2 protein chains.
Amino acid sequence: MRVTIAEVARRARVSKTTVSRVLNNKSDVDAATAVRVREVIAATGYIPSAGAVGLAKGRTRLVGVLVPGLSPAGVGEVLQGVADVVEESDHGLLLSTAARGADSLARFTHQVRAHAFDGLLLLDPPPAVTDNDALRDSDLPVVVVDGARSVFPSVTGDDAAGAAAVARHFLARGRRRVAVVTGPGEDAAARLAGFRSVLEEAGSSLTGDAVTETVSTAGGGRSAVRQLVASGLAFDAVFACDDVVAAGVLTGLREAGRTVPEDVVVAGFGDLPLAVFTQPPLTTVRRPLRALGETAARRLLGKLTGDTPLDGMTVLPTELVVRESAP
Amino acid sequence: MRVTIAEVARRARVSKTTVSRVLNNKSDVDAATAVRVREVIAATGYIPSAGAVGLAKGRTRLVGVLVPGLSPAGVGEVLQGVADVVEESDHGLLLSTAARGADSLARFTHQVRAHAFDGLLLLDPPPAVTDNDALRDSDLPVVVVDGARSVFPSVTGDDAAGAAAVARHFLARGRRRVAVVTGPGEDAAARLAGFRSVLEEAGSSLTGDAVTETVSTAGGGRSAVRQLVASGLAFDAVFACDDVVAAGVLTGLREAGRTVPEDVVVAGFGDLPLAVFTQPPLTTVRRPLRALGETAARRLLGKLTGDTPLDGMTVLPTELVVRESAP
DNA sequence: CTGAAAGCGCTTACAG
DNA sequence: CTGAAAGCGCTTACAG
């Protein structure tokens with residue numbers, strides 16, 4: 001049989017109220033009484049029921065996390081950062097996935113309405129989530145990681161600065177005929193913008209031909225290079241807005257008989273695990289994935305446990321990682 | 001103000017009992033009454049408090065999942081499989097990490113004792129977890145994924161068969177002088193055993209010199225090759241018990257001036273995302289990661305929602321994936 | 001310093 | 001078919 005607060009109270013010959021006081025470290029308990037209660041707690045291995053405490057206190061000590069999916073590279077790292085902070089604060093992590101579209105959204109909305117958690121972390125949320133009525137109506141504390149133009153407080157990496165660092169690196173190495181392979185979405189757009197700004201400052205510029213938009217896969221990078229080569233455009237550097245795409249670019253260049261980094265230097269974005277395994281290894285931009293998760297979680301918990309107000313956007317620095325693809 | 005069952009009852013002019021009946025789809029409710037109650041529920045957007053339901057029913061509708069960490073390759077895939085099944089069954093997923101050693105374990109034990117979830121999934125759990133007293137004492141349903149010799153019901157991949165397939169592939173290609181780079185741990189041992197058994201059946205065998213144990217990193221694979229080359233052993237094939245190690249083996253061979261796959265063929269294990277990005281891409285063994293998660297979750301939920309008994313070990317097939325490193 | 005009682009928001013016998 | 005009451009296991013005014 002499960003031991004309850006009533007059982008502890010009986011054994012310690014006090015009321016449940018007093019046991020509760022000891023449990024919650026309230027003052028106003030006689031030292032000797034407290035000791036006795038603690039002894040009984042230790043002897044019985046009593047742990048308060050999370051559910052009952054939650055109901056009585058009106059909070060769950062649970063933090064919800066909504067992720068786009070668990071397999072995409074990077075999600076695990078961010079989540080690890082979140083978990084580290086949340087676990088340390090003695091909260092639980094309730095994980096939800098947005099992988100199944102409308103169905104996922106319905107489930108998620110339900111959880112919000114059911115008060116399944118005290119606070120919420122949104123990883124790269126789709127608009128359907130951030131515009132969600134249930135979420136807006138609730139006064140649930142929310143922090144977004146990597147959500148573009150979100151109405152909620154957010155934490156993100158300085159991707160534009162990272163892309164700018166790549167551009168500067170290219171220029172410093174004397175590469176002037178630069179091509180870009182970009183993906184769909186706002187993240188890629190922000191990177192492209194950061195990259196372009198440096199080029200323009202330097203009096204160089206990116207012509208329309210030099211920018212290829214493709215899908216964010218290795219296949220996309222490879223065919224973008226084929227297209228670039230076929231167009232006859234001369235280029236001695238390629239910036240891909242994503243490491244996976246960059247890996248495809250490497251393959252495409254190899255097939256086209258161009259050497260890397262001699263003929264063409266290549267840089268990616270993200271510093272995914274694969275970046276060190278390509279041939280040659282990729283120069284890329286590291287996003288502080290773990291720190292993004294940690295920071296977001298810390299801000300949320302600050303709101304939950306203290307009263308740190310929640311607003312604005314935190315931007316974490318990115319870092320240029322130089323490897324052989326663009327030394 | 002939050003709308004409660006009492007409020008719904010008041011508006012529908014029935015008792016809370018009746019609202020509860022409608023909520024839980026009990027029969028014995030007048031059709032017209034049920035309609036009226038449902039209308040009020042819809043109008044108010046009422047959702048039962050997860051905490052209160054949990055307390056009253058004695059279950060949380062939460063499934064706990066303990067992972068070794070979120071960044072290691074493969075964990076995300078398994079977790080995705082788990083999430084798909086758990087979310088579909090209308091349960092929540094309470095995620096815990098074993099990344100912080102004793103501290104993590106204490107937290108985890110606490111959750112078990114606090115009845116924070118109705119059932120538990122353990123991913124590649126350390127002995128400290130499976131031997132945990134709190135866990136054994138509780139009658140919590142548990143399913144283990146990839147736990148060697150676990151006392152709990154488990155789901156795992158047929159690694160030995162996968163390794164055997166690699167050995168057969170090598171032999172079929174006429175490679176007789178085979179070396180193995182293995183890691184620490186029982187997983188690696190199982191793979192080595194499967195590999196070795198095929199070789200012995202074929203009258204070939206693996207001498208002590210041909211087996212190098214190293215750490216499970218690219219650096220480990222690289223130095224293992226250096227060592228192998230330095231030893232003067234002749235070899236025309238390398239089986240690495242892990243893709244990351246295999247990637248290091250590739251590097252080591254390149255440095256030693258051996259071509260892959262001409263001089264030496266190489267196979268890894270795991271089919272991690274990086275396997276397609278190495279040069280040449282890796283022949284390897286695919287473990288059914290997502291299916292492992294799905295199967296484990298399905299078994300656990302079968303126990304929770306139905307009464308499917310829980311025992312024994314489910315072994316899922318692995319698959320040889322042939323790429324250019326060992327065509 | 002301590003306890004009886006009410007309350008958190010539900011569900012479940014029990015009685016009708 | 002329906003409701004009053006007790007109960008799930010805690011916490012929190014309130015009174016002493």
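Just so we're on the same page: letters track the sequence lines, and every chain starts at 1. Computed from a prediction, not measured in an experiment: that's the story for all the values here.
- Look at A:Ser15 and you'll find a side-chain N or O under 4.0 angstrom from OP1 or OP2 of C:dG3.
- When the C1' atom of C:dT12 is taken as reference, atom CG of B:Asn25 falls 16 Å away, rounded to whole Å.
- Between A:Glu7 and A:Arg10, at least one side-chain nitrogen of the basic residue sits less than 4.0 Å from a carboxylate oxygen of the acidic one, meeting the salt-bridge criterion.
- Picking from D:dT11, D:dT2, C:dT2 the nucleotide with the shortest atom distance to the side chain of B:Val29 gives D:dT2.
- At whole-Å resolution of the value, NE2 in B:His115 and C1' in D:dG9 are 12 Å apart.
- Place B:Asp30 and A:Ile47 on DNA chain D by their nearest nucleotides, and B:Asp30 ends up nearer the 5' end.
- At distances below 3.5 Å, at least one donor-acceptor pair connects side-chain atoms of A:Gln80 with backbone N or O atoms of B:Leu70.
- Judged by distance alone with a 3.5 Å cut-off, no donor-acceptor contact links the side chain of A:Thr17 to the base of D:dT11.
- Residue B:Asp28 is in base contact, counting any heavy-atom pair closer than 4.0 Å across all strands shown.
- Side-chain nitrogen and oxygen atoms of A:Thr4 include none within less than 4.0 Å of the OP1 or OP2 phosphate oxygen of D:dG9.
- Set against D:dT2, D:dC10, C:dT11, the side chain of A:Ala52 has D:dC10 as its closest nucleotide.
- Checking C:dG3, D:dC10, C:dC10 against every side-chain atom of B:Lys16, the shortest atom distance belongs to C:dC10.
- Rounding to whole angstrom units, CG of residue A:Leu23 and P of D:dT12 are separated by 11 Å.
- Phosphate contact (OP1/OP2 of C:dT2, side-chain N/O of A:Thr33, threshold under 4.0 Å): present.
- The side chain of A:Ser20 contributes an N or O atom lying less than 4.0 Å from OP1 or OP2 of D:dT11.
- Pair check for C:dA13 finds none; no Watson-Crick or G-U wobble contact set falls under 3.5 Å.
- B:Thr318 and B:Asp158 form no side-chain donor-acceptor contact under 3.5 Å, judged by distance and modelled atom types alone.
- Rounded to whole Å, the distance from CZ on B:Arg113 to P on D:dG9 is 17 Å.
- A salt bridge does not link B:Arg21 to B:Asp28: none of the charged nitrogens lies less than 4.0 Å from a carboxylate oxygen.
- A:Ile5 has its CD1 atom 14 Å from the P atom of C:dA4, to the nearest Å.
- Residues B:Arg107 and A:Asp90 are paired through a salt bridge, judged by an N-O separation under 4.0 Å between the basic side chain and the carboxylate.
- Among the nucleotides C:dC10, C:dG9, D:dC10, the one closest to any side-chain atom of B:Pro48 is C:dC10.
- Contact check, B:Lys26 against C:dT12: a side-chain N or O comes under 4.0 Å of OP1 or OP2.
- With rounding to whole Å, B:Arg61 atom CZ is found 12 Å from C:dT11 atom P.
- If you find the closest nucleotide of DNA chain D to B:Lys57 and to B:Ala31, the one lying nearer the 5' end belongs to B:Ala31.
- Pair check for C:dA4 finds none; no Watson-Crick or G-U wobble contact set falls under 3.5 Å.
- In this structure, the nucleotide among C:dG9, D:dT2, D:dT11 sitting nearest to the side chain of B:Leu55 is C:dG9.
- Annotation: side chain of B:Tyr46 is in contact with side chain of B:Val3 (closest heavy-atom distance under 4.5 Å).
- In this structure, the CZ atom of A:Arg36 is 11 Å from the C1' atom of C:dT2, given to the nearest Å.
- Remark: C1' of D:dT12 and CZ of A:Arg21 are 9 Å apart, rounded to the nearest angstrom.
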